[in-house]
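Worth saying up front: this structure is predicted, and the values here are computed from it rather than measured. Indexing begins at 1, ligand by ligand and atom by atom, following the structure's order. Atom set for the values below is all heavy atoms of this structure, side chains included, hydrogens, waters and symmetry mates excluded.
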Amino acid sequence: MALADILARMRAAERAVGRAEGSVRLIAVSKVQPAERVEAVLTEGHRVFGENYVQEAAAKWPAWRDRFGPLELHMIGPLQTNKAKVAVDLFDAIHTLDRPSLAARLAGLQQARGALPQLFVQVNTGAEPQKAGVLPADLPGFLKDCRAMDLAPVGLMCIPPEDQDPAPHFAALARMAADHGLSGLSMGMSGDFETAIAHGATHVRVGSAIFGARAYPAR
Ligand SMILES: *Cc1c(COP(=O)(O)O)cnc(C)c1O
């Protein structure tokens, strides 16, 4: 089964660079996948999933939580400020903190409820105009602003440009995280998770390699 395969490849990638086996978290990205594919992976015992759209996730996961028990849900898609409240109630981690207005909204929610999901700051390592994320040059100031609002991001996340070697982007993200004392590194997808692990990823986000091709493209 694909899940076992991916886990074995992750263990091999960890061993290859002298990292502890099992130290990298596999986020199974289930966006737009048919329910039976997700349920097959749940039945195999996997409990860490990623979703891109708040509404889609809110429609699917409460019932699976009731049926399969505790599981860990990661928000990996762009988060609209007006969906932040639903998102913090549903997700255990948000990987896409990428702008001051969202930080301010999350800070307000933290004050109101006393806690927040784990936060990762998305960095636009390729400085692509169409892509979300804080520009590398703006990261120090953004992190400072977050901390001033009492937000404590645990790591950084990136999606390298599709047409480039991802390795330099992963290396750059790892350097930025180290510079700021952040231990989490959310990087690596179906095509490049082994490279990401070699560069220190703590969380890889793998969708199609586990579930098969998505039936319709992400918006
Ligand atoms: C869809 C998605 C993934 C998974 O992509 P695959 O190539 O199917 O593994 C990972 N990260 C983000 C941010 C995504 O939107």
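For P160 against P166, the heavy-atom pair with the smallest separation is CG-CB, 3.9 Å.
Applying the 4.0 Å criterion to heavy atoms of K31 picks out, from ligand 1, the atoms 1 (C), 2 (C), 3 (C), 14 (C), 15 (O). Near V206, with a cut-off below 4.0 Å to any heavy atom, the atoms of ligand 1 are 9 (O). Set against the non-hydrogen atoms of R205, the atoms of ligand 1 under 4.0 Å away are 4 (C), 9 (O), 10 (C), 11 (N), 12 (C), 13 (C). With ligand atoms numbered from 1 in the order given, ligand 1 contributes 14 (C), 15 (O) to contacts under 4.0 Å with heavy atoms of N52. Near I159, the atoms of ligand 1 lying under 4.0 angstrom from a non-hydrogen atom of the residue are 13 (C).
E21 and R15 are joined by a salt bridge, as a carboxylate oxygen and a charged side-chain nitrogen come within less than 4.0 angstrom of each other.
Of the candidates H203, R205, Q122, S186 forms a side chain to side chain donor-acceptor pair (under 3.5 Å) with just one, namely R205.
In this structure, Q111 places its CD atom where only 12 or fewer heavy-atom neighbours from other residues, nucleotides or ligands lie under 6.0 Å away.
With rounding to the nearest 0.5 angstrom, the CD atom of Q110 is 8.0 Å from the CG atom of L119.
The aromatic rings of H95 and F120 sit parallel, their planes meeting at an angle under 30°, below the 60° perpendicular limit.
A heavy-atom separation below 4.0 Å is found between R214 and ligand 1.
For G207, a nitrogen or oxygen atom sits less than 3.5 Å from a nitrogen or oxygen atom of ligand 1, counting backbone and side chain alike.
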